[in-house]
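We're numbering straight along the sequence, starting at 1. Computation of the quantities below employed the complete heavy-atom set of this structure, encompassing side-chain atoms and omitting hydrogens, waters and symmetry-equivalent molecules.
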Amino acid sequence: MTLSKLRNIGIAAHIDAGKTTVTERVLFFTGASRKMGEVHDGQATMDFMKQEQERGITIASAAISTRWGDNQINIIDTPGHVDFTIEVERSLRVIDGMVAVFCAVGGVEPQSETVWNQADRYRVPRIGFINKMDRSGADFMEVASQMNKYLDANAVPFQIPMGAEDDFLGTIDIIERKAYTFNDFERGEIEIPAEHTENVEIARTNLIEKLADFDDEIAELYLDDQEVPIEMIKKAARDATLKLMITPVFCGAAYKNKGIQLLLDAVVDYMPSPVDVGAIVGMDIDDEEKSYTRNPSIHEPFSALAFKLINDPYVGQQTFIRIFSGHLKSGMQIFNSTKEKNERIGRIFRIHAKDREEIREAGAGDIVALIGMKVTKTGDTLCDPSNKLLLESIHVPPPVIELMISPETHKDQGKLGEALAKLSNEDPSFNVRFDHETEETIASGMGELHLEIIMDRLLDEFGVKVDVGAPAVAYRETMTNEVLSNYKHSKQTGGKGQFAHTVMRIEPNPGKGYEFIDKIKGGAIPAEFISSVNKGIKKTLDAGIIAGFPVIDVRVVLIDGGHHAVDSSDQAFQTCASICFKQGFMKAIPILLEPMMKLEVNTPDDYIGEIVGNLNRKRGKIESMRRYRKGSQKVSGFVPLAEMFGYATQLRNLSSGRANYSMEFYQYEPTPKGIQEEVLKEIREKEKGK
């Protein structure tokens, strides 16, 4: 198969927009599955985890390969719930194009915006599919308008619906001027009904006007009032889509099998192949200034990115990779340039959701799963040992919520540790640490649902029963003043002693994380111990200082120090730097930072006053209120996570069950003084009770 016939696409949307149903219909119509699975009865092919089937939502992105005509389509179906945003993030890093699904009633919802912004980060071309056109309140043009207003999508209808709600008959292709109806599993072509003729011509003229902005040939024909050939429109539309200049919009009703075949045609016509995406750029592993390109060809050196790990009870750990260049064979030795270690390829599988097909080799453009990888984790680069490079990794958002967990029985302690290690390997947004002082295991993640699913999996997949503490906020520590810190570490223990001296300036570094700058002159600290100073500070950052939370947003400038020819060592400088940093940090007016969440509430007009009042009492900042649809509004704003535990129940009570909300991490902000004192007091009392 030629690379131009391959499409690697993701399907993403807000929760409940129907993307898993769209994917199930795609699999049925392409022949990848003989039965259409349904989300509501727990039989969806792509939602094969027990937790997904019970809740009717997608949790883990699932990969599947299928064919449409003579094209191969690799599809990744992604979650819509914000707690699983890492799944969308890592999928977008490896796909070439995306189908963004919108509900014809709900329109552009909070997670639609999040997914869209993630796709912008990776410059992924998109087409829009407005689903659920048969639902009461469906409005195709309103959703297309919202895509422009809230996403800046430059959305252009390539189809218009024939009717809506109970009268939704089918769709009209405005480029080819053809009308289609859908009866069970068949599509039929009919004459365009007279009442839609004018709208088709208006939409077609609008599309040609848009394309004339990007294509001189079309502009010339349009200005001369001449007919623009269909093939010319399609080619220009494809070019504009791939350059992110427009977003083609299609529509249908996936649950009723309407519009799916035309969506598949659109994926082939307007989504990029690996050839369209072109070369990928990687860095030299020793010199960040140097870069290399790899073209999507089997004749180039091998390069790939590991984007997902799954523990399969039958074959062990599966490592999903996207191959960007070269080819891969079973038994081949490759190089993990992130870990700087060699790996040997065991078995290679092409994945069909929970089923798998073993293959002997794979090449550029493929998405496959590898069995037998020893050190490779999410975001690692794999490459040819003779042609090393490092690809851009995957952005992992910080965890914002914590749980204290312990096994029900002491004998399960080891089993729990192994299970948590496997789960955190699979999911980089799930972190685990052991607090030696309190002897507690602390699990942190993206939200209450995220950690609830993890606890379910501990029992179902690993047979470990755990006691779970109340969820707690994952605060961060930082400082507000600049200080100079000077510490000399000198210790004699009978034999060789320890000596190190560091002088550092510690500065606030808002929003920029940790930075270390070496300004040592004249060899006051030998070059081999500079990295020891940095290492000692980093360990201290992770452990926290005032309350055991990680320290962020500080810059450390190492300006002076001293050493001893015999007694100075890596460990001595690590210890010295740690104490020097701690002492300086405590003088620099340290504060706690709390996670602020971006919140959107959709509510009927009747409850807007109670909901806004409730958010104000939670220290929320209302940013905007906008009309959601007739009789409903969207309230957008920011609210501290500490105030949001149990909000789903509160909102249900405030709105008689008619409002819903979505929340995602926004940024860390200073905790008000009174609340900081309460948090620190709680921590001190807890430590006393241990």
Side-chain angles (χ1 to χ4, degrees), residues 283-291 337-341 388 390 393 398 433 436-437 476-593 668:
M283 291 185 312
D284 186 292
I285 62 171
D286 298 316
D287 181 358
E288 286 186 15
E289 301 299 310
K290 258 193 202 172
S291 63
S337 50
T338 309
K339 300 288 192 301
E340 300 200 15
K341 289 187 177 173
K388 296 173 183 173
L390 193 61
S393 191
R433 72 180 195 276
H436 290 280
E437 285 183 24
R476 294 290 183 266
E477 300 178 13
T478 194
M479 23 80 81
T480 52
N481 275 14
E482 182 181 307
V483 294
L484 194 68
S485 188
N486 184 339
Y487 178 71
K488 193 177 285 185
H489 178 66
S490 181
K491 200 173 180 186
Q492 291 301 323
T493 51
K496 185 183 172 187
Q498 283 189 29
F499 181 87
H501 179 203
T502 55
V503 182
M504 57 183 73
R505 190 170 70 246
I506 307 170
E507 308 167 353
N509 198 23
K512 293 180 182 169
Y514 166 64
E515 280 182 69
F516 176 76
I517 298 166
D518 168 23
K519 293 273 186 172
I520 291 291
K521 288 181 181 158
I525 297 176
E528 67 265 27
F529 294 134
I530 301 294
S531 63
S532 307
V533 172
N534 192 16
K535 210 185 292 179
I537 296 168
K538 277 184 172 175
K539 282 182 183 171
T540 311
L541 296 179
D542 292 341
I545 297 170
I546 57 172
F549 298 110
V551 176
I552 61 169
D553 294 350
V554 292
R555 183 189 291 115
V556 176
V557 184
L558 183 62
I559 51 178
D560 202 358
H563 70 288
H564 186 277
V566 177
D567 291 348
S568 286
S569 64
D570 168 60
Q571 191 54 52
F573 270 100
Q574 280 198 49
T575 305
C576 178
S578 173
I579 295 169
C580 187
F581 178 79
K582 276 183 189 172
Q583 289 181 351
F585 185 86
M586 290 307 290
K587 289 177 198 163
I589 312 181
I591 59 168
L592 285 184
L593 298 172
Y668 276 96

**Request:** Report yes if the side chains of Lys535 and Asp570 come closer than 4.5 Å at any heavy-atom pair, otherwise no.
**Result:** yes
**Prompt:** Can you name the side chain to side chain contact (heavy atoms under 4.5 Å, CB included) partners of Glu340, sequence neighbours left out?
**Reply:** Phe335
**Item:** Sequence-distant partners of Thr480, side chain to side chain contact (heavy atoms under 4.5 Å, CB included), two or more places apart
**Value:** Ile589, Ile591
**Asked** Taking only residues two or more places apart in sequence or in another chain, which ones pass side chain to side chain contact (heavy atoms under 4.5 Å, CB included) with Val483?
**Response** Ile506, Lys587, Ala588
**Partners meeting side chain to side chain contact (heavy atoms under 4.5 Å, CB included) with Pro590 (sequence neighbours left out)** = Ile546, Phe585, Met586
**Asked** Partners of Phe549 by ring pair (Phe, Tyr, Trp, His ring centres under 6.0 Å), sequence neighbours excluded?
**Response** Tyr475
**Asked** Atom CE of Met504 and atom SG of Cys576: how far apart are they, to the nearest 0.5 Å?
**Response** 7.0 Å
**Asked** Applying salt bridge (charged side-chain N to carboxylate O under 4.0 Å, His left out), which residue pairs with at least one partner in residues 508-524 are found, sequence neighbours left out?
**Response** Glu515-Arg555
**Asked** Got a donor-acceptor contact below 3.5 angstrom from the Asp553 side chain to the Gly513 backbone?
**Response** yes
**Message:** Going by the rule salt bridge (charged side-chain N to carboxylate O under 4.0 Å, His left out), which residues pair with Lys341 if we only count those two or more places apart in sequence or in a different chain?
**Reply:** none
**Item:** Gap separating the CG atom of Leu558 from the CG atom of Asn534, nearest 0.5 angstrom
**Value:** 9.5 Å
**Prompt:** Is the backbone of Ile552 close enough, under 3.5 Å, to the side chain of Thr478 for a donor and an acceptor to pair up by distance?
**Reply:** yes
**Request:** Start with the C-alpha distance between Leu541 and Val554, add both sets of side-chain angles, then the distance that settles side chain to side chain contact (heavy atoms under 4.5 Å, CB included), and finish with yes or no.
**Result:** CA-CA 9 Å; Leu541 296 179; Val554 292; 3.9 Å; yes
**Complete:** Sorted by chain and residue number, the ring pair (Phe, Tyr, Trp, His ring centres under 6.0 Å) partners of Phe516 (sequence neighbours excluded) come out as none
Under 3.5 Å donor-acceptor pairs involving side-chain atoms of residues 577-584, not counting sequence neighbours:
from, atom 1, to, atom 2, distance (Å)
Ser578, OG, Thr540, OG1, 2.8

**Item:** Point-to-point distance, once rounded to the nearest 0.5 Å, from CD1 of Ile520 to CG of Asp560
**Value:** 5.5 Å
**Asked** Do any pairs count as a ring pair (Phe, Tyr, Trp, His ring centres under 6.0 Å) and have a residue in residues 554-575, sequence neighbours left out, and if so which ones?
**Response** Phe529-Phe573
**Item:** Within 6.0 Å of NZ in Lys538, more than 12 heavy atoms from elsewhere
**Value:** no
**Request:** Calculate, to the nearest 0.5 Å, the distance between atoms CG and NE2 belonging to Asp567 and His489 respectively.
**Result:** 10.0 Å
**Asked** Does Ser568 use its side chain to pair, donor to acceptor, with the backbone of Phe499 at less than 3.5 Å?
**Response** yes
**Message:** Given 3.5 Å as the limit, does a donor-acceptor pair link the side chain of Glu477 with the main chain of Ala547, or not?
**Reply:** yes
**Request:** Write out all pairs satisfying side-chain hydrogen bond (donor to acceptor under 3.5 Å, both in side chains) with one or both partners inside residues 522-531, taking only residues at least two apart or from two chains.
**Result:** none
**Item:** For Arg505, salt bridge (charged side-chain N to carboxylate O under 4.0 Å, His left out) partners two or more places apart
**Value:** Glu482, Glu507
**Residue among Ile537, Asn486, Ile525 satisfying side chain to side chain contact (heavy atoms under 4.5 Å, CB included) with Thr502** = Ile525
